[in-house]
Structure formats: C-alpha cells, structure tokens
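A short write-up of the structure that comes next.
Naming: A, B, ... by sequence-line order, numbering from 1 per chain. On a predicted model such as this, the values are computed, not experimentally measured, just so you know.
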2 protein chains.
Amino acid sequence: MTNLKQLAQSLGLSITTVSRALDGYADVSAATRERVRQAAESAGYRPNASARRLRKQRAELVAVTLPSEPGHIGPAHFLEMLSGCAEHLATAGLNLVIAPVPRGESELDMCRRFVDGQRVDAMLLVRTKRRDERVEFLQSRGIPFVTNGRTEAATQHPFIDGDGFSGFRQATLRFHEAGHRRIGHIAGPQDYFFAHERKKGWEAAMRECGLPVDLCVEQAPTEHGGYMAALALLNQNDTPTALVCATDEMAIGALRALREVDGGDTISLVGHDDLPIGAFTSPALSTMRMTGENLGRNFASLLLRTIAGEPAESLQELHAIEFIDRDSHLRSSPTT
Amino acid sequence: MTNLKQLAQSLGLSITTVSRALDGYADVSAATRERVRQAAESAGYRPNASARRLRKQRAELVAVTLPSEPGHIGPAHFLEMLSGCAEHLATAGLNLVIAPVPRGESELDMCRRFVDGQRVDAMLLVRTKRRDERVEFLQSRGIPFVTNGRTEAATQHPFIDGDGFSGFRQATLRFHEAGHRRIGHIAGPQDYFFAHERKKGWEAAMRECGLPVDLCVEQAPTEHGGYMAALALLNQNDTPTALVCATDEMAIGALRALREVDGGDTISLVGHDDLPIGAFTSPALSTMRMTGENLGRNFASLLLRTIAGEPAESLQELHAIEFIDRDSHLRSSPTT
DNA sequence: ATTGACTCCCAAAACGTTTTGGGTGATCTT
DNA sequence: AAGATCACCCAAAACGTTTTGGGAGTCAAT
C-alpha cells in the first residue's frame with residue numbers, strides 16, 4: 001500500500017533517510033528516526049517483500065516440501081515441530097513455508113522451482129530416501145538444507161534423525177527377553193532410509209538371538225499397509241507372537257488385523273512415532289520416539305548454521321530412541 | 001543463476017526480445033523464439049521470482065495459514081485437498097504455500113505479514129470462527145480469500161463448507177429412530193463455526209423429538225477432549241445410550257472412555273470427518289463427511305474466481321453431508 | 001582562516017524482470 | 001515511386017527497496 005516514496009514525501013525526507021531510519025542506522029538523528037517510526041507505524045507501512053528480496057538478493061524464506069503420498073509424517077508432532085522452527089527462524093528474519101506438492105509434480109520439481117527461481121535461502125527436507133534425488137539436487141546447486149532423516153548420499157549433509165536401528169534392535173531384544181521367539185517385523189518401503197534402518201535393527205537383534213529373519217513383510221507406511229502386512233504374517237504356518245512395526249500408523253492397522261483374526265489379545269506389538277492417537281487405541285499402543293525437546297528449535301538452529309556456512313559434519317544430530325510403554329507390547333505371555 | 005541479461009548477451013539479442021520470446025509473444029519470429037527457448041533450456045534459466053513479482057505487481061502466490069493448535073484439520077484429507085488445490089492453481093500460474101504460525105504469533109499476525117508485505121495475491125482460511133478476525137482483516141484490506149467453513153461475518157465472503165447442521169440433525173434423528181432416547185452430544189469449542197453448527201443440529205433434532213438438550217459437554221476438538229467429555233457424560237446419573245461427536249478425533253477419545261467405563265459395547269457413537277484411521281479403530285468408527293469429489297479443485301476454482309472479481313454471493317458452496325456407516329453407531333439396542 | 005572530525009542527510013545506482021512506445025527494413029498497394 | 005502495412009526487434013522506464021559514495025553544515029583545534 002504505502003511506499004517508502006510516499007512516506008518520504010509526507011515527511012519531507014528522502015527515501016534513503018526513511019529507509020535508514022527504519023533500519024535503525026546511526027547516521028540518522030534520534031529525533032528523525034523517531035518521527036519516521038511514528039509515521040510508518042500510523043501509515044501501517046510494510047516494506048514490499050519482493051522489492052527488498054530483489055535488492056538484498058536473499059529470499060528470507062525457508063521452504064519444506066510436503067510429500068503428497070500419505071503416511072508417516074506424524075502430522076501432529078510434525079506441525080508442532082514446524083511451529084517451533086518457524087518461531088526460531090523468525091528471530092533471524094526468516095519465514096518458513098510448507099509447500100504441498102501439486103498432483104502431477106514431483107518433490108524434486110518443487111525443489112527446482114524454489115531454488116532456481118531464487119525463492120528460498122534454504123530448504124528443509126522430510127521423509128528422506130536412502131538415495132534421495134532432492135538431496136543430490138540441492139547439493140549440486142549448493143543451496144543450504146537440513147534433512148529430517150539421514151540418507152546414503154556420498155557427500156555429508158546436515159540432518160536430524162532418530163537412531164532407528166538401535167531403537168528397533170532394542171525393541172526386538174525386549175520382546176526376546178520377555179520370552180518371545182517368533183518376533184515379526186512390519187516394514188516400511190525400503191527405499192526410505194528410516195524404514196531400512198528400522199528393519200536392519202530388527203534383523204540385527206534377531207540374528208544376535210539366533211532367530212530366523214523370515215517373519216517380515218514390507219508395506220506402505222499407512223494403516224492399510226500395516227493391516228495388510230499383519231494379515232499376511234498371520235496367514236503363515238508359524239505366526240508371530242510379537243510384532244515390531246515400522247510406524248504407529250502401521251501398528252494401528254496391524255491392531256485391527258489382529259482383532260479380526262484372533263480376537264486381538266494374544267499378540268504383542270510396538271510401533272514408532274508416538275502419534276497422539278496411540279494413547280486412545282485399544283489396546284493403547286506401545287511405541288517409541290526420538291528423544292529431545294523442542295526439535296523445531298534444533299532444526300532452525302541447524303538451518304541457520306548451515307546458511308552461515310558451517311561444515312555439514314558438525315551439523316548432524318542423531319538422537320536416541322525412548323520407549324513409551326503402554327499396553328500393546330504385553331498382550332500375552334508367549335507359549336513357546 | 002543465469003540472468004535474462006546473460007542469456008541475451010550470449011544470444012546476441014536484447015533483453016526485451018529474450019523476455020518476449022520466452023513469454024511466447026507473436027512479435028518475435030518463430031525461429032528466434034525457438035533459438036531462445038533452446039538456450040534458456042540448456043542454461044537452466046528460471047526467471048527471478050522477486051524481480052518478476054516486483055514488476056508484475058502480483059505475488060503469484062496463495063497462502064493458507066496453518067493453525068498451531070492441534071485438532072480437527074483432518075490432516076489426511078486436508079493434505080490431499082491441498083495437493084489438488086495446488087495442482088489447479090498451478091495451471092493459472094499460482095503457487096500455494098502453507099504457513100505454519102510461529103509460536104508467539106497469531107494467525108492474524110501472519111495474515112498481516114503476508115498481505116501488507118504484498119507477498120500473496122489471495123489467501124485460504126481454514127478452521128473459521130463464528131466471528132473471525134482474519135476474515136474481518138482480509139475484508140478490510142480487500143484481499144481475495146476463500147474460507148473452509150462459514151462465519152457470521154456481516155459481509156458475504158466465498159466459502160466451501162459442509163452442512164453440519166443438517167448432518168448432525170440427521171445423525172441424531174437416526175439414533176432416535178433406532179430407539180435411542182438419551183442421545184448425548186460431545187461438542188467442540190463453540191467459537192468455531194463448525195462446532196456451533198453441529199451442536200445446533202443436534203439440539204434441533206432433540207427438540208423435534210421432544211427430548212431434553214442437557215446431555216452435552218463442550219471440549220477441545222482432540223482425542224483428549226473427546227475422552228474427557230465422554231467421561232463427564234458417563235458420570236452423570238442418566239447416562240446417554242448414544243453419542244454424536246463433533247469430530248472423529250473426539251469420537252476416538254470418547255471410544256476409549258467408553259471402554260474404560262463400561263467395556264465399550266453398550267453405547268453407540270458417531271463422529272465427523274471420515275479420518276482414515278476411523279476404519280481401524282475398535283469398533284470401526286461410524287462417521288460422516290462433506291460430499292463432493294476433489295474439493296481441492298473447488299477451492300482453487302473459487303480462489304481464481306474471487307481474484308477475478310466475481311461477487312462473493314456466487315462463490316459459496318454448501319455441501320450435503322453423507323454418512324459412512326461402520327460399526328460404532330449400532331453397538332446396542334437401547335433398553336429404554 | 002584553514003583543516004579535520006563529526007553529524008545528519010541525500011542523489012543515484014543497483015537488483016532482474018516486464019512493458020511501453022517506438023524503430024528499421026522489407027513487402028505490398030495504388 | 002510514394003505510401004501503407006507488416007514482421008521483427010530494441011532502448012528505456014518502471015516496480016520498491018537497499019546501499020554506495022558522497023555533500024552540506026557545525027564545531028573544535030590549529
């Protein structure tokens with residue numbers, strides 16, 4: 001609406017002085033500065049974002065692309081995390097936006113649009129794949145970014161991730177200690193890093209215990225995927241007595257399959273993510289989650305430091321996993 | 001990266017011609033146009049977004065602010081809807097972003113930032129309140145916007161909404177026809193339009209049936225809220241035999257309360273939103289939802305027409321509600 | 001009276017586009 | 001052959017900011 005030019009005119013000052021007054025430069029007198037501030041305030045002046053971006057050559061924007069396929073973003077946590085992230089980015093003058101991927105376009109296309117149009121200063125990537133083309137692209141362009149989840153990229157990059165391997169290994173060992181011998185795994189798509197890592201954790205524990213690693217079904221990381229996977233496992237000769245599920249959503253789907261097939265109180269089960277809804281399922285879902293408070297602040301801080309040019313190696317956070325024991329992990333004493 | 005200037009130089013053309021060639025103007029020869037296109041392609045040229053926005057005086061951007069309080073956005077549907085919306089906006093050259101509200105800031109502040117910084121051409125509002133300050137602000141600024149949900153604003157504005165009143169009235173009448181007499185309502189916060197509307201629907205049906213409207217508790221639109229509300233209703237002398245819940249999330253919370261208090265198979269219950277997870281609860285959640293395919297396209301279309309200046313009155317869609325009958329709505333034959 | 005330091009201010013350039021308002025030849029009309 | 005039409009191209013202005021590189025005036029020191 002109101003311009004710097006209009007503002008300057010109404011004050012009888014030059015554009016330069018008004019601009020510098022508002023930016024708090026010392027080379028404009030305190031009196032003038034205050035006068036300008038008042039005028040700007042009462043005129044409701046906001047600098048035109050495009051003009052300032054064009055001039056400053058920075059977008060003051062960080063974007064995160066939002067995968068369109070459903071499953072496993074843990075929306076509740078995710079949104080809370082993003083609010084926290086936005087709050088801390090704001091203190092550095094950066095805005096955060098989430099860009100939903102239009103149908104018919106890929107996440108990579110979106111990254112391209114943002115980066116090549118110089119719309120963003122940095123990006124946040126979620127749901128990383130083991131070989132992630134978004135990561136490769138951003139690395140080739142030299143745009144700062146932080147991922148939620150690791151990748152197998154040759155070049156290091158900043159990330160925050162939970163130690164899914166250890167988490168799933170531990171979870172499996174806990175079942176073993178409780179007497180379970182037929183422990184199954186409901187796995188997510190193995191091109192996702194997290195899903196692969198979690199499966200490896202389960203496998204490692206099984207091998208340590210001298211147990212076969214055949215009770216595993218891979219499915220989409222959704223309730224329906226978990227449901228289908230559980231059905232498949234229950235239709236085998238040798239059904240599992242315990243299930244380690246890649247995500248809470250899959251675990252919730254599995255829960256339904258268990259109810260349908262055997263009444264639902266003989267098989268133990270654990271998920272991952274600590275979705276709020278887990279506390280309200282029947283049985284209440286035992287689960288696990290990445291430790292750490294205020295992840296959003298961490299992401300913001302990593303982003304800022306990445307933008308500042310710190311080396312990727314010092315910007316990698318691997319968080320331990322903690323268990324949240326509710327009811328579903330001790331449904332039965334296994335009859336071996 | 002590459003400029004129009006660099007591109008022009010490398011081609012031995014003027015900036016003007018290159019720009020016009022890429023925009024497909026007829027006053028540049030087909031041969032030149034093709035040559036420019038090739039060069040732009042191979043140089044990976046993308047126009048600088050800020051520069052173009054500054055010049056064209058339009059942001060080519062539509063934003064939706066994302067409420068930071070949890071509950072009732074129906075993330076799954078919501079995200080799918082946004083993808084569809086983004087797809088159709090893209091055909092008009094518009095981008096869609098979701099802006100999470102930083103902690104410590106209000107949704108209204110965000111709107112201000114977007115609008116007064118001329119960052120957006122239009123906005124999409126979700127989770128409208130009966131008296132919604134965002135709506136009032138956008139109306140005062142004359143910025144095009146569409147809401148998901150109605151308001152009680154004095155001036156008309158474009159919206160898409162489900163007819164919650166009729167839906168909840170019908171749902172209540174269905175319970176009545178099935179023999180229920182003590183039909184409770186778990187209500188959402190009454191400053192939300194949808195929550196108020198749904199409660200009025202339940203009330204209307206109760207009055208039509210000559211039943212008292214006292215079995216109602218208001219709570220936060222989350223699982224926990226539903227849980228608390230159901231507990232409160234079950235601790236009365238005259239417990240309900242059926243519950244109409246404002247949202248699926250509340251219904252899922254209520255489900256847990258029912259299980260804890262009476263084993264969970266004596267009280268019937270219905271929610272609203274058709275969250276995917278409803279198919280996997282125990283019992284499977286009966287629910288309802290707004291009719292209509294591809295809501296995203298509708299939103300996009302309304303936005304475009306609003307921007308084009310069509311009057312608000314012709315841009316209001318009130319959709320009927322359809323029932324999705326699963327198991328939870330017929331848990332028992334009520335013993336009156 | 002000059003010099004230097006200091007305070008307060010400003011004109012103009014620059015960021016990368018799009019658009020305005022022609023300009024230059026070639027071809028067609030009469 | 002003069003005028004009109006057409007096809008193709010371009011210089012310059014404009015969008016609204018920030019930043020550069022001073023300029024004008026005042027005051028103190030020499």
With a sphere of 6.0 Å drawn around CZ of Arg297(A), does it hold more than 12 non-hydrogen atoms of other residues, nucleotides or ligands? no
Can you give me the first and the last nucleotide of DNA chain C (5' to 3') that has an atom within less than 4.0 angstrom of a non-hydrogen atom in chain A? dC8(C) to dG16(C)
With a 4.0 Å limit, can you tell me whether Thr17(B) has a side-chain N or O closer than that to the phosphate oxygens OP1/OP2 of dC9(D)?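 False: Thr17(B) side-chain N/O out of range (4.0 Å or more) of dC9(D) OP1/OP2.
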Touch check for [X], heavy atoms < 4.0 angstrom, all strands: base, sugar-phosphate only, or nothing?
X: Asp27(A); value: base
X: Arg20(A); value: base
X: Asn48(B); value: sugar-phosphate
X: Leu13(B); value: sugar-phosphate
X: Ser19(B); value: base
X: Thr32(B); value: sugar-phosphate

Distance (rounded to the nearest 0.5 Å) between Met123(A) CE and Thr147(A) OG1: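 It comes to 12.0 Å.
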Atom CD in Glu136(A), atom NZ in Lys129(A): separation rounded to 0.5 Å? 12.0 Å
Would you kindly compare Ile15(A) and Lys56(B) by the position of their nearest DNA chain D nucleotide and give the one closer to the 5′ end?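 Mapping each residue to its closest nucleotide by heavy atoms, the 5'-most match is Lys56(B).
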Return the 5'-most residue of the pair Ser14(B), Gln57(B) with respect to DNA chain D, ranking by each residue's nearest nucleotide.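 The 5'-side residue here is Ser14(B).
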When Gln156(A) is tested against each of Gln139(A), Glu313(A), Gln316(A) for side-chain hydrogen bond (donor to acceptor under 3.5 Å, both in side chains), which residue passes? Gln316(A)
Of Val97(A), Leu89(A), Leu124(A), the residue whose pairing with Leu82(A) passes side-chain contact (heavy atoms from CB on, under 4.5 Å):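 Among the candidates, only Leu124(A) passes.
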Min side-chain heavy-atom separation Met110(A)-Phe114(A) under 4.5 Å: yes
